[in-house]
Amino acid sequence: MDDTLAQLIDMGFDPSVSQLALEQTNYQGVQQAIEYIYGLSTSNNLSGVKQGSTIGQTPPSSQQPLQSQKTLVDLTQGNNNSSNLTKTHVADQQLTSNKPKSQKTSLKSSIRESSETNSDDEYYQDVDDYEFDVPVQEIFTTNNSVIQARELIKTALVEIDNITNITETSPSEATLLLLHFQWNSNKLLERYYEDPDRVKQQAGVKAIDQYKIKINVPGQDCIICGDSLDQNNGSYLSCQHYACSDCWDGFITNKIKDGESIGMTCLSFKCTNIIPDIFVKEVVPKQYNKYLERLAQTFVDKNPNMRWCPVAGCGNALKADSKAETVASCTCGFKICFKCNQESHIPANCDQMKQWKKKCEDDSETANWIQSNTQDCPQCHSSIEKNGGCNHMTCKKCKHEFCWVCLGNWKNHSKCNTFDKDKVSKSESKKNLERYLFYFHRFNIHEQSKKFETKLRASTLETIMSIQNKKDKRWIDVKFLIQSTEILIQCRRTLKYTYVFGFYLPDGAEKNLFEYLQNDLEKTTEHLSGLLEKAEDKNIFDIKEVTNLASTKLRHLLEGVEEGLTLGGTKR
Amino acid sequence: MMNSLPKRIIKETQRLISEPAPGISATPATDNVRYFNVIIAGPVESPFEGGIFHLELFLTDDYPMSAPKVRFLTKIYHPNIDKLGRICLDILKEKWSPALQIRTVLLSIQALLSAPNPDDPLANDVAEHWKTNEKEAISKAKEWTKLYANKE
């Protein structure tokens, strides 16, 4: 046993990892242990062994991987019988033909030697290629954190707990303080240490944690229902507004329903005494969770550095380092503009988006279109769109014959070449409209494409599995497809909004350059989209190349816009 | 029917009938004890003096945890009461407390007639009138009182 362990350590593996690997493989040998380690390290970079350095992957199916490592790798390779077979085969050869050497690289080369006699050399060829391949880079990363919907309450409570400990206040007081400072703990503490009493006063914190629950209050009636409080039924805060537990229950339940949490005050009229959270917990335990949910909501709503993910049903919260942050991304894949809470619309800015939306919502554009593309029949006034060259029109409805140019009766009509002022204004509006439609059309097309490509997210995983199954590719060889899909979506979204940006960009050198970059990105994006839609083992290296190309083009465009496209151009 | 009614509503109803507040009468409807027919007399030295104003008041199932629903049935020219008779009064909304009662609500409405608050308006045009030309607005309110809140 110790021999094999020593060998593994000698090869540069971490002792504890080696020990674990041996145990997990029932001490079957060095090779099994190494395979186990690599299987482990591809799914979870536990061992400190460099990922993707070489050789085979998971242990043969007879061995159980660790519970916690049940990732996609394990799942995919569960089905991957053929590759397991070949690998054990290779392993057997290795054991019999070669003594492991002290370097990982030499081990690798020895394996390659042995596998050259194997029919599977293509597989190792690809593994080698991988080493020289440039990794796919995620560009345009956002540095916000995402708080999952189910973690929200916990996160808020941790924050409260933190302040409670530092300021030595009660949780309710700490919450009030946090609310007052919009959940900005640093600012809170800074001010708090300057003058604790003043800060507390400003935040509306009084001695709020004195209360009595379910006790006998002889001679008092509930101020709400009038019941006597003689039977251990009275509850009250320091303001001594006596009420029975049922009335408190009804009152607090109602308040929670209305969306209130920490700030709710005593049930007596105009009493400003705040109900502490512990009172809520003890009087209406059933509602307490709802109460915490409301509290977590204010944690996001009142915090200028946080936003809800706008995707329906997502419920996650996005937290940025500051409210100056422009883009934040959610784990559901959605990217939002932190300023206007809409989908991230780079390179267009918020004002442009506002204008654009208004323009799109405005029916007048459609009306304009009808106005400039159709004319009314001079007799029955139905709208007619011309679909041929001849200007001798016959209305389909009323059979009236007229001249399209001057709208006069076709019979007896002789001169329609006289200058008409109205015609000029019409052509102007037509031009504007056509310009708008040009941009809107492209804006829309990219939006449509993006919708389809978002669906690729799900199918990409399937593609990865099928490539792995068919062609002995390792997870790390093909997992970049996930990034490719993300980059494609990113390009698509950006392209969509470049048409808003372009619409408001005045003609000139800047626009020419912008359109050049836009065109460039558009072409690459289409290329990538085409490749990804029929992604298979043969074209994965193309995909990788085009992905990197697309991400470069995207960066060029975004940087160009950010820094001003030309000297003296508008810096944004 | 009376038995399923919360004790508090019964108590309040009894007190409203046995010792009514001056200028205010509230009687439960015969077919629905949560529905009250209310009459408020226009307060003296207000543009509504001499008028008899009919209101309806309804206690929801939530009462007293949520405020009663109150509405003027008689037309009235007042900056905080709109065409439909809806009343803009804080205690009927966010300032409601279960410690308040039907009696206190009606007293507050009576006080609102004495002291219109055009800065927190419900009927914008009336409030504007009140702010730009109070004299004229008051005389119009008096006119309406004569016209619509006359006895009955």
Side-chain angles (χ1 to χ4, degrees), chain A residues 179 204 211 217 220-231 233-275 279-280 283-284 286-287 290-291 294 298 301, chain B residues 1-21 24 26 28 33-34 36 57-70 87-112 115 117 120:
Chain A
L179 272 180
Y211 61 93
V217 198
Q220 286 290 346
D221 292 340
C222 169
I223 60 164
I224 307 303
C225 67
D227 274 357
S228 142
L229 299 178
D230 285 347
Q231 268 125 34
N233 198 23
S235 301
Y236 54 91
L237 308 173
S238 58
C239 50
Q240 305 207 322
H241 291 119
Y242 305 106
C244 70
S245 298
D246 284 349
C247 285
W248 274 113
D249 184 323
F251 176 73
I252 292 171
T253 306
N254 234 33
K255 288 279 174 188
I256 293 172
K257 224 190 269 168
D258 286 349
E260 287 192 36
S261 56
I262 179 68
M264 63 172 84
T265 51
C266 168
L267 44 60
S268 185
F269 184 48
K270 285 191 171 164
C271 179
T272 56
N273 237 21
I274 280 169
I275 301 172
F279 188 86
V280 175
V283 175
V284 273
K286 277 186 197 156
Q287 297 293 327
K290 194 89 199 157
Y291 175 85
R294 300 290 192 208
T298 72
D301 289 342
Chain B
M1 189 71 186
M2 276 304 245
N3 290 344
S4 65
L5 210 60
K7 219 199 281 174
R8 160 156 168 173
I9 297 184
I10 300 170
K11 271 191 186 170
E12 276 200 63
T13 311
Q14 282 168 349
R15 204 172 150 231
L16 277 168
I17 295 167
S18 63
E19 30 178 317
I24 294 172
V33 286
R34 287 177 173 271
F36 289 76
L57 182 147
F58 182 69
L59 304 175
T60 60
D61 287 344
D62 266 351
Y63 183 82
M65 293 315 160
S66 35
K69 308 254 176 275
V70 201
I87 307 159
C88 179
L89 188 60
D90 55 359
I91 62 156
L92 292 176
K93 291 167 190 151
E94 76 282 357
K95 290 276 167 57
W96 171 255
S97 149
L100 293 168
Q101 300 181 357
I102 302 174
R103 172 187 299 269
T104 40
V105 167
L106 295 179
L107 283 168
S108 299
I109 294 174
Q110 196 182 37
L112 188 68
N117 179 11
D120 181 22

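We name chains A, B, ... by the order of the sequence lines, and we start the count at 1 in each one.
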Heavy-atom donor-acceptor pair, B:Arg8 side chain to A:Gly226 backbone, under 3.5 Å
no
Which residues share a salt bridge (Lys or Arg N to Asp or Glu O under 4.0 Å) with B:Glu19, sequence neighbours left out:
B:Arg15
Engaged part of A:Cys222 at the chain B interface, taking heavy atoms whose separation is under 4.5 Å
neither
Name the region of B:Pro64, side chain, backbone, both or neither, that has any atom closer than 4.5 Å to a heavy atom of chain A.
side chain
Give a yes or no on whether B:Lys93 atom NZ has more than 12 heavy-atom contacts from other residues, nucleotides or ligands under 6.0 Å away.
yes
Test side chain to side chain contact (heavy atoms under 4.5 Å, CB included), reference B:Met65, set A:Ile224, A:Thr253, A:Asp249, output is A:Ile224
For the student: nearest non-hydrogen atoms of B:Ser97 and A:Ser268, plus distance:
OG-C, 3.3 Å
Could you list the residues that satisfy salt bridge (Lys or Arg N to Asp or Glu O under 4.0 Å) with B:Lys7, not counting sequence neighbours?
A:Asp227
Looking only at heavy atoms, the pair that brings B:Ala99 and A:Phe269 closest together is CB-N, 3.8 Å
So which of A:Ala243, A:Cys266, A:Gly250 has the biggest tally of heavy-atom pairs under 4.5 Å with chain B?
A:Gly250
Is it the side chain or the backbone of B:Ser66 that comes within 4.5 Å of chain A heavy atoms, both, or neither?
both
Name the region of B:Ile9, side chain, backbone, both or neither, that has any atom closer than 4.5 Å to a heavy atom of chain A.
neither
